[in-house]
Amino acid sequence: MSDNFDSSGTTPSRRHDAGTYQMLWDCRFCGAEKLLGITHRHCPNCGAAQDPEWRYFPAEEDMIALEDHEYVGADKICPACGQPNSAACTYCGECGADLATGEVAQTRGERAIGTGVAESDTRRDVVQDQFVAEMQRVGVMKGPRTGGLGLSRRSWIIIGGVLLAVVAAIIFAITYRKEASGTVDRLEWARTIEIEDFRARAGSDWDESVPGDAYNMSCHERQRGTERVQVGSHQECRDVDQGDGSFRRQCNTVADYEQRPVYDDWCTFTVDRWDTAREVEAQGTGKNPAPYWPEYTLATATGRYGEEREGSRDETYIVVIREDDGDKHECELDDMAEWEKYSEGASVSLKLKITGGADCDTLKIAE
Ligand SMILES: [Zn+2]
Ligand SMILES: [Zn+2]
């Protein structure tokens, strides 16, 4: 018997391969430890029947492989005497009772090994566990009643409450508006026109994006990004209790990846293009004179380059408001017609955000 319990006391550096191994169990009657789930259906010391409750996964050094183990299912517990029987049996080997109504033995579930080894067994204090479970059942002790992450339901309620309060505060801050009134301090406007010219322009881009009419091109290799490359693989294992005194070690091959740089051709070149050369602007305060577009003269080309043309136009209309308490706010309006409704000194009302800034969408002439 002692052969099976031989342990050198050092954790093996090598992991056992995938396969079927014996669960271990302790005898609750005589205290014999590390009995084998398949080999020892009874305690070799005192003869007591194996109790599936007392099974556990062995440490790596205590793993005993099972050759040609035929798995027929988790053990069935005899409804008459409580003895675990192979799922293949119809009658209890101990007392002869019919096993049809026998419950299936509870398993110890799974244990993840990952890339390491099983450093210790999963033995637990069955007597203590059963005592606690019984006390919780009759209400003497409170269960941990956890809701995830090891936090109690009470903690979750508090966290949920705080989150709700924060969300409510954010919504309040965003939507908060305070009524304010004031007068128009002044009206401002600005109108700009972009002037484009035709020139040779420097450009740079990846090889495939260089324009077809580019010239003076020069390219060199440069890192464009990274790619995920498989560089190898490793095994990750887990042990699954089969409920019949054995467990299966399952190992999966997991690919290892690395980010590697990807290179491509980056080119600098010259192209002849129209582009913004300068801007002409007209600006003023008040409605008199009315806003107008700036005047300009376009250059004409003497050679291939230098010709000018008009580009895009832009106009800005601003109402500056002086609040009754002296604070000033600037509101940019969408179009001139809207802006023209305001006059210097006119009374206006508007709403202020929680930061004190104006919500210009609410600006209107006071009635
Ligand atoms: Zn025993
Ligand atoms: Zn029985």
Side-chain angles (χ1 to χ4, degrees), residues 1-12 16 19-111 113 117-138 239-249:
M1 170 175 117
S2 60
D3 310 352
N4 296 327
F5 310 61
D6 178 51
S7 68
S8 57
T10 56
T11 307
H16 285 80
T20 307
Y21 297 85
Q22 303 218 30
M23 292 291 284
L24 298 185
W25 62 286
D26 292 346
C27 176
R28 61 191 290 189
F29 297 103
C30 71
E33 295 185 334
K34 297 187 181 178
L35 302 172
L36 301 174
I38 294 290
T39 310
H40 301 132
R41 300 298 286 183
H42 291 83
C43 172
N45 197 31
C46 74
Q50 182 183 138
D51 183 346
E53 282 273 312
W54 291 64
R55 286 174 185 158
Y56 50 89
F57 289 107
E60 200 76 31
E61 73 247 28
D62 295 328
M63 282 174 64
I64 307 287
L66 285 163
E67 305 293 339
D68 307 320
H69 174 62
E70 194 189 334
Y71 179 61
V72 289
D75 285 346
K76 274 189 284 184
I77 308 296
C78 171
C81 72
Q83 162 81 352
N85 283 266
S86 162
C89 297
T90 312
Y91 300 102
C92 176
E94 200 80 2
C95 71
D98 191 343
L99 293 171
T101 58
E103 282 184 30
V104 174
Q106 282 216 333
T107 74
R108 298 276 80 78
E110 291 186 16
R111 118 176 123 171
I113 305 297
V117 297
E119 281 174 11
S120 58
D121 60 43
T122 61
R123 190 181 338 200
R124 60 208 177 103
D125 191 332
V126 180
V127 174
Q128 171 72 14
D129 288 356
Q130 285 173 343
F131 175 77
V132 169
E134 182 61 15
M135 289 301 104
Q136 284 170 4
R137 192 184 66 77
V138 300
D239 295 336
V240 181
D241 183 2
Q242 306 205 91
D244 68 342
S246 71
F247 68 92
R248 233 167 42 247
R249 173 159 288 186

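Each ligand, and each atom within it, is numbered from 1 in the order the structure gives.
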Ignoring waters, protein N/O/S atoms under 2.8 Å from the Zn ion (ligand 2) are C78 SG, C81 SG, C92 SG, C95 SG

Carboxylate-amine/guanidinium proximity below 4.0 Å for R28 and E53 | no

Polar protein atoms near the Zn ion (ligand 1) [N, O or S; cut-off under 2.8 Å] | C27 SG, C30 SG, C43 SG, C46 SG

From Q22 CD over to D62 CG, what is the distance, rounded to the nearest 0.5 angstrom?
-> 12.0 Å

d(W25 CH2, D51 CG) to nearest 0.5 Å is 8.5 Å

How would you list, by chain and number, every residue that makes a side-chain contact (heavy atoms from CB on, under 4.5 Å) with I77, sequence neighbours excluded?
-> P52, P84, A105

Apply the side-chain contact (heavy atoms from CB on, under 4.5 Å) test between R108 and each candidate in D239, D241, V240; give the one that qualifies.
-> D241

With side chains defined as the heavy atoms from C-beta onward, is the minimum distance between R249 and R111 less than 4.5 Å?
-> yes

Is it the case that Q83 and R41 place a side-chain donor and acceptor less than 3.5 Å from each other?
-> no

Side-chain donor-acceptor contacts of residues 88-98 below 3.5 Å, not counting sequence neighbours, with atom names and distances?
residue, atom, partner, partner atom, Å
E94, OE1, H42, NE2, 3.0
D98, OD1, A100, N, 2.9

Exercise: do H16 and E60 side chains pair donor with acceptor under 3.5 Å = yes

